[in-house]
Amino acid sequence: MTEPYPSIRIEKLDAARRQLRTAITLWFNDGDPVSIHALACAAYEIIHVVSKKRNPERQKLIFDSILPKDEYRGKINAFLKSPANFFKHAKNDTDATIEFMPKITELFLLFSIAGIELAGERLNETESAFNMWLHVNRPDLSTDHWREMFTNSLPVHRLENIKSVPRNQFLQMYHEAWIRLPR
């Protein structure tokens, strides 16, 4: 007999990566910035904890960054978490509004991907596509090491070709190229 409501078994990191894949797909397709941010932050919070548990000596990510002084870390983290909390909860502020900067979502996507790698996992094609797009189109967010790795490994004309692809077409083109890669 078939279960009327079958269940699926999901591990924490798999749940986070599913949320991240959806957030990235929506981001590439100019989806709703609130939904993208909520998914990206939910994914990041899991990835942050899992990567720290798997790799206690890992590089710092957003919430444990070495950049702010300890006395400011709580306020900075509260500021960074406030949009996601606003989008998830309404118990004490049913009539509130927020000024939301969607660009901050890119940081949560970027650090989620970094956390996946620091947890010892390989990136999937959607995560790799975002990584490529961001390092090529937003080099200001990349370290010199990453910028060199992406830009020095590509001929200049290829780099310019990649930059010329509109964001809403990039993911599809990347997926098509990924399929053709030898395994």
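All values below come from the heavy atoms of this structure, side chains included, with hydrogens, waters and symmetry mates left out. For the single chain, residues carry numbers from 1 onward in sequence order.
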*Asks:* Got I98 and F87 here, is their nearest side-chain heavy-atom distance under 4.5 Å?
*Replies:*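 Touching, per the 4.5 Å side-chain cut-off.
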
*Asks:* May I ask you to decide whether R138 forms a salt bridge with E106, counting only side-chain N to carboxylate O separations under 4.0 Å?
*Replies:*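 Judged by the 4.0 Å cut-off on N to carboxylate O distance, R138 and E106 do form a salt bridge.
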
*Asks:* Counting C-beta onward and ignoring hydrogens, is there a side-chain heavy-atom pair between L13 and R54 closer than 4.5 Å?
*Replies:*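 A side-chain contact exists here, since the closest heavy-atom pair is under 4.5 Å.
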
*Asks:* Do you reckon L39 sits in the same ILVMFWY cluster as I104, going by side-chain contacts under 4.5 Å, direct or chained?
*Replies:*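 Yes, it is one cluster - the side chains of L39 and I104 are joined through contacts under 4.5 Å.
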
*Asks:* What's the spacing between S128 OG and I113 CD1 if we round to 0.5 Å?
*Replies:*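 So the gap between those two atoms works out to 8.0 Å.
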
*Asks:* Show your reasoning for whether side chain to side chain contact (heavy atoms under 4.5 Å, CB included) applies to L134 and L109.
*Replies:* CA-CA 10 Å; L134 202 67; L109 296 172; over 6 Å; no

*Asks:* Establish whether F100 and F86 are linked, either directly or via other cluster members, by ILVMFWY side-chain heavy-atom contacts under 4.5 Å.
*Replies:*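 Yes, F100 connects to F86 through the hydrophobic network.
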
*Asks:* Is R17 paired with E127 through a side-chain N to carboxylate O contact shorter than 4.0 Å?
*Replies:*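 Salt bridge present between E127 and R17.
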
*Asks:* Return the CG to CD1 distance between L118 and I47, rounded to the nearest 0.5 Å.
*Replies:*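 Interatomic distance, L118 CG to I47 CD1, rounded to 0.5 Å: 11.0 Å.
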
*Asks:* Given side chain to side chain contact (heavy atoms under 4.5 Å, CB included), test N131 with L110 step by step and report yes or no.
*Replies:* CA-CA 7 Å; N131 227 9; L110 177 66; 4.1 Å; yes

*Asks:* Rounded to the nearest 0.5 Å, what's the gap from CD on Q169 to CG on N29? Could you check?
*Replies:*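 So the CD of Q169 and the CG of N29 are separated by 10.5 Å.
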
*Asks:* How far does CD1 of I36 sit from CH2 of W27, to the nearest 0.5 angstrom?
*Replies:*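 It is 9.0 Å, given to the nearest 0.5 Å.
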
*Asks:* In terms of ring plane angle, is the pair F170 and F28 parallel, tilted or perpendicular, where the classes change at 30° and 60°?
*Replies:*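 Because their plane-to-plane angle is under 30°, the rings of F170 and F28 count as parallel.
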
*Asks:* To check you understand the geometry: which heavy-atom pair defines the closest contact between R21 and N124, and what is its length?
*Replies:*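 Closest approach of R21 to N124, heavy atoms only: NH2-ND2, 2.9 Å.
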
*Asks:* Which pair of heavy atoms, one from A16 and one from A43, lies closest together, and at what distance?
*Replies:*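 In this case the closest contact between A16 and A43 is O-CB, 3.3 Å.
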
*Asks:* With the 4.5 Å side-chain cut-off for hydrophobic clustering, are L26 and F130 part of the same group?
*Replies:*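 Result: yes, single cluster for both.
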
*Asks:* Given the rule in the side chain to side chain contact (heavy atoms under 4.5 Å, CB included) test, do R18 and I10 qualify, once you have shown the distances and angles that lead to the verdict?
*Replies:* CA-CA 10 Å; R18 286 170 179 236; I10 311 255; 3.6 Å; yes

*Asks:* Distance check, rounded to the nearest 0.5 Å: F111 atom CZ versus C41 atom SG?
*Replies:*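 If we round to the nearest 0.5 Å, F111:CZ and C41:SG are 13.0 Å apart.
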
*Asks:* If I compare all heavy atoms of T105 with all of H37, which pair ends up nearest, and what's the gap?
*Replies:*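 It is OG1-ND1, 2.7 Å.
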
*Asks:* Rounded to the nearest 0.5 Å, what separates atom NZ in K12 from atom NZ in K53?
*Replies:*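 It comes to 12.5 Å.
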
*Asks:* Shared ILVMFWY cluster between L107 and V49, side chains joined below 4.5 angstrom?
*Replies:*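 Looking at the clustering, V49 is in a separate group from L107.
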
